[in-house]
Each structure stands twice: as C-alpha cells, then as structure tokens.
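Every heavy atom of this structure was used, including side-chain atoms; hydrogens, water molecules and symmetry mates were not. Please read all numbers here as calculations on a predicted model, not as lab measurements. Along the sequence shown, the residues carry numbers beginning at 1.
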Amino acid sequence: MSILKKLFTAVRGGAREVGESIVDANGIRIFEQEIADAQNSLAKAKKSLTEVMAKEMQTKRKVSALDSSIAEHEDYAGQALSQGNEALAVEIAEKISDFEVEKEELAVVLDGFSKHVILLKQQVKEAEKSIKENQRQLTMVKTTESVQKATMAVNSTLNTNDSSMVNARQSLERIKQRQQDRQDQLGAAKELEAAATGADLKAKMAEAGIGSTAKSNDILERIKAKQAQ
C-alpha cells in the first residue's frame, strides 16, 4: 500500500508540474481571458446597479405620492371638522393612518435601496480601476514578451554558424577582400606605368635632389648672390 500511495503521489506531482507548465506557457492568454471575464462581470454588476437604482427611484415616487395623499386627506379631514362632521373626519384620519403606515414601510425599503446603491457604486468603481490597471499591466507584459522573443530570435540567429547573419558577414568579408585585391592591382598597374614612362626615375631623382630640383636651387642661389653684391 505504501508503494502504491507513493506512486499515486508521484503521478499527482507529475500532473501538477504539467499543469503548471501549461499555465506558464499560456500565462498571457490566461491573464487576458481573466480580464475579459472581469469585464463581463462588471457589465452584469452595472446592469444590477441600474435595476436597483430604478427600484429606488420608483420607491421615492411612491413615498412622494403618499406624502401628497396624506397632505390631501389632512385637508379633507379639516373640511369635515369645519362642517361638524366628526365621523367623516375620523374615517379620513384612519385613511391617513394607512398612508403613514405604508410610507413607513416604504421608507425602510427605500433606505435599503439607497444603501445598496452606494455600495454597488463603490464596488463598480473599484472594479473599473482594477480592470484598467490589469489592462495596463497586460500591455506591458505583452510588449516585454514580444521584445524578449525578438531578442532571443536575434541572438539565436547571430549565434548559429549556418545562419543567414553569419552568411551575410562572410559575404561582406569577401566583398571587402575583393575590393582590396582590386585596389592592389590598380596600385601595381600604376607602378608599372611609372616605370615604363620614367616617372619613377624622376621621382627618385627629385627625392635625392638631382635633376630639375637641383638646377632650380642653383638658380635661386645665383640670384641671391647677385642681390648681395
């Protein structure tokens, strides 16, 4: 029995791990659905609130109508007393008493509606605030998730030897090498051309102070000597 119990515990542990991995993999989707569920519940709460507010308004109208009836019948009772008809005045007073009893009952109902409306309004306000905060957090986590996935994709691409990025770098190196080879060829061709035309010899002579440069210096010295005489 002990072994079976441990096996059963292991199975339950594995199921829990699988369940947690599924929840983690679908965390954003679950959070998004929970917000949607909260919005549906909020919509139902608002509907209930409007119904309670409507009953509150109806009860207020009934109380107002009873106040009017009480005032009206008090006037009737006064007229009956003025005419000396006390029996009719008593009957009217009894009717007024019925109105007042009904008004007291409605006052209790109205107080309950009013308190319930205040409570529901506060709950709706808090629910709206909570949903807005969750929506803001959802936007942030979705953005973070997208950035992290993009970063991981880039890193994976850069770190893969056979990736297109690596191939692109290799292509770039080949282009640079080909351009350098061409530049070397152009330089070699220029040297060959200079050797063929004697330009390289003139350059070497000028560097050594031989040739036209030396003659120019001699002329300059001669002019300076004449000026000194």
Chemist: If you apply the rule side-chain contact (heavy atoms from CB on, under 4.5 Å), what do you find for Q180 with K176, and how did you get there?
Modeler: CA-CA 6 Å; Q180 185 62 49; K176 288 182 177 180; over 6 Å; no
Chemist: Strictly by modelled atom types, are Q33 and D37 linked by a side-chain donor-acceptor pair under 3.5 Å?
Modeler: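 Note: Q33 and D37 side chains meet the donor-acceptor criterion.
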Chemist: Pair up each side-chain donor or acceptor in residues 82-93 with any protein partner under 3.5 Å, not counting sequence neighbours, and list the distances.
Modeler:
from, atom 1, to, atom 2, distance (Å)
S82, OG, G78, O, 2.9
N85, OD1, L88, N, 3.2

Chemist: Taking all non-hydrogen atoms of both residues, which atom of L49 and which atom of V117 are closest, and how far apart?
Modeler: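 Looks like CD1-O, 3.9 Å.
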Chemist: Taking atom CG of N134 and atom CD of E32, what is their separation to the nearest 0.5 Å?
Modeler: 12.0 Å
Chemist: Has the side chain of S146 got a donor or acceptor atom that lies under 3.5 Å from a matching backbone atom of K142?
Modeler: yes
Chemist: Step by step, would you call V109 with E105 a side-chain contact (heavy atoms from CB on, under 4.5 Å)?
Modeler: CA-CA 7 Å; V109 174; E105 292 174 349; 5.8 Å; no
Chemist: Any chance you could measure K95, atom NZ, to Y76, atom OH, to the nearest 0.5 Å?
Modeler: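 If we round to the nearest 0.5 Å, K95:NZ and Y76:OH are 12.5 Å apart.
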Chemist: Is R136 paired with E133 through a side-chain N to carboxylate O contact shorter than 4.0 Å?
Modeler: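 The answer is yes: the pair qualifies as a salt bridge.
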Chemist: Out of curiosity, does V101 fall in the hydrophobic cluster containing I96 (side-chain heavy atoms, cut-off under 4.5 Å, transitive links)?
Modeler: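 Different clusters.
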Chemist: For a quick test of your reading: what N or O donor-acceptor pairs under 3.5 Å do the side chains of residues 121-129 make, sequence neighbours left out?
Modeler:
from, atom 1, to, atom 2, distance (Å)
Q122, NE2, E126, OE2, 3.1
E128, OE2, K46, NZ, 2.7

Chemist: List the steps and the verdict of side-chain contact (heavy atoms from CB on, under 4.5 Å) for K55 and H116.
Modeler: CA-CA 11 Å; K55 291 183 181 296; H116 199 49; over 6 Å; no
Chemist: Are the side chains of Q39 and I35 in contact, using a 4.5 Å heavy-atom criterion?
Modeler: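 A side-chain contact exists here, since the closest heavy-atom pair is under 4.5 Å.
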Chemist: Got a sec, which residues hit salt bridge (charged side-chain N to carboxylate O under 4.0 Å, His left out) with K115, two or more places apart in sequence or on another chain?
Modeler: D111
Chemist: Which atom names give the shortest non-hydrogen contact between D67 and K103, and what distance separates them?
Modeler: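 Smallest heavy-atom distance, with atoms named: OD1-NZ, 2.5 Å.
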Chemist: Would S171 and R174 count as having a side-chain donor-acceptor pair, cut-off 3.5 Å?
Modeler: yes
Chemist: Measuring from atom CG of L110 to atom NZ of K62, what distance do you get when rounded to the nearest 0.5 angstrom?
Modeler: 11.5 Å
Chemist: Assess whether side-chain contact (heavy atoms from CB on, under 4.5 Å) is satisfied between I175 and R178, documenting all intermediate values.
Modeler: CA-CA 5 Å; I175 292 171; R178 186 169 64 252; 3.7 Å; yes
Chemist: In terms of hydrophobic clusters joined by side-chain contacts under 4.5 Å, are L120 and I131 together?
Modeler: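 Yes; I131 is reachable from L120 via cluster members.
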Chemist: In sequence, state the C-alpha distance, the side-chain angles, and the governing distance for Q177 and D181, and then conclude on side chain to side chain donor-acceptor pair (under 3.5 Å).
Modeler: CA-CA 6 Å; Q177 184 60 49; D181 292 344; 3.0 Å; yes
Chemist: Are L42 and L138 grouped together when hydrophobic residues (ILVMFWY) are joined by side-chain heavy atoms under 4.5 angstrom apart?
Modeler: yes
Chemist: In Å and rounded to the nearest 0.5 Å, what is the CD1 to CG distance from I70 to D98?
Modeler: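 The CD1 atom of I70 sits 10.5 Å away from the CG atom of D98.
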Chemist: Between atom OG1 of T50 and atom CE of M57, what is the distance when rounded to the nearest 0.5 Å?
Modeler: 11.0 Å
Chemist: Once rounded to the nearest 0.5 Å, what's the spacing between atom CD of E104 and atom CZ of F99?
Modeler: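 Separation between the atoms: 14.0 Å.
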